[in-house]
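The structure appears right after this line, and notes come after that.
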Amino acid sequence: MIRKFVNVIICTAALLLTGCYEDLGNYDYKDINEVSISGIPENISIDRFDLLKVEPLLESTLYGDESQFDYEWTLNKKVIANTRNLEYEVNDNL
């Protein structure tokens with residue numbers, strides 16, 4: 001009985017000592033660049049063979065230089081442009 005009591009005391013002491021262990025983790029937090037995109041209409045109606053033009057407005061919290069960004073415009077899972085502003089002649093049969 002005393003042996004069990006001693007084992008419980010030792011286990012409890014070990015748990016309490018590990019609770020006081022100093023955490024040496026990496027807490028060097030850095031801000032991330034948050035980008036907001038506006039200026040893209042929710043619905044666009046356009047005739048076939050017309051030029052579709054979309055010029056989004058980008059605002060970011062860290063970069064004033066937009067060369068840090070990559071762009072990709074897709075239509076029906078097909079990449080149609082990799083530029084910031086889209087100019088695309090709609091010749092696909094949608």
Side-chain angles (χ1 to χ4, degrees):
M1 180 75 170
I2 293 180
R3 184 172 175 95
K4 285 185 180 181
F5 182 71
V6 170
N7 285 340
V8 169
I9 295 291
I10 291 172
C11 289
T12 304
L15 288 174
L16 289 175
L17 289 175
T18 58
C20 296
Y21 176 73
E22 185 177 342
D23 186 8
L24 301 175
N26 181 5
Y27 295 103
D28 185 21
Y29 296 117
K30 296 180 181 176
D31 292 333
I32 62 169
N33 189 34
E34 296 182 25
V35 179
S36 62
I37 303 170
S38 60
I40 300 177
E42 188 171 320
N43 294 309
I44 299 174
S45 296
I46 192 166
D47 292 327
R48 192 171 182 194
F49 302 113
D50 281 348
L51 187 64
L52 173 61
K53 289 179 126 182
V54 179
E55 297 180 4
L57 302 173
L58 302 175
E59 292 182 21
S60 63
T61 57
L62 293 181
Y63 308 129
D65 179 17
E66 292 180 8
S67 68
Q68 300 284 331
F69 302 139
D70 293 323
Y71 305 97
E72 182 176 275
W73 295 90
T74 60
L75 178 65
N76 293 334
K77 299 180 183 178
K78 174 184 158 192
V79 177
I80 58 173
N82 289 313
T83 57
R84 181 185 187 278
N85 296 327
L86 175 65
E87 288 190 18
Y88 178 71
E89 183 180 337
V90 180
N91 55 16
D92 296 340
N93 188 7
L94 305 175

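One is the number of the first residue; the rest follow in order along the sequence.
Taken to the nearest 0.5 Å, the CG atom of N82 stands 10.5 Å off from the OG1 atom of T74. To the nearest 0.5 Å, atoms CG (L75) and CG (L52) are separated by 8.5 Å. Distance check: I37 CD1 to E59 CD gives 11.0 Å after rounding to the nearest 0.5 Å. Put simply, CZ on R48 and CD on E89 are 10.0 Å apart, with the number rounded to the nearest 0.5 Å. Between K4 atom NZ and I9 atom CD1 the span is 15.0 Å, to the nearest 0.5 Å.
Between the side chain of N91 and the backbone N or O of F49, no donor-acceptor pair lies under 3.5 Å.
Using a 4.5 Å heavy-atom cutoff, the side chains of P56 and Y71 are not in contact. A 4.5 Å side-chain heavy-atom check between Y88 and I46 finds every atom pair outside the cut-off. Side-chain contact between S36 and L58 is absent, with no heavy atoms from C-beta onward closer than 4.5 Å.
Scanning both residues, N85 and T83, for their nearest heavy atoms gives O-OG1, 2.7 Å. Summarising the geometry of L57 relative to R84, their closest heavy-atom pair is CA-NH2, 4.1 Å, with the distance given to 0.1 Å. In terms of heavy-atom proximity, L62 sits nearest to N33 at N-OD1, 2.9 Å.
With sequence neighbours left out, the side chain to side chain contact (heavy atoms under 4.5 Å, CB included) criterion links I32 to E34.
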List the steps, then state whether side-chain contact (heavy atoms from CB on, under 4.5 Å) holds for V54 with I44. CA-CA 10 Å; V54 179; I44 299 174; 4.0 Å; yes
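Heavy atoms from other residues, nucleotides or ligands lying under 6.0 Å from CG of D70 number 12 at most.
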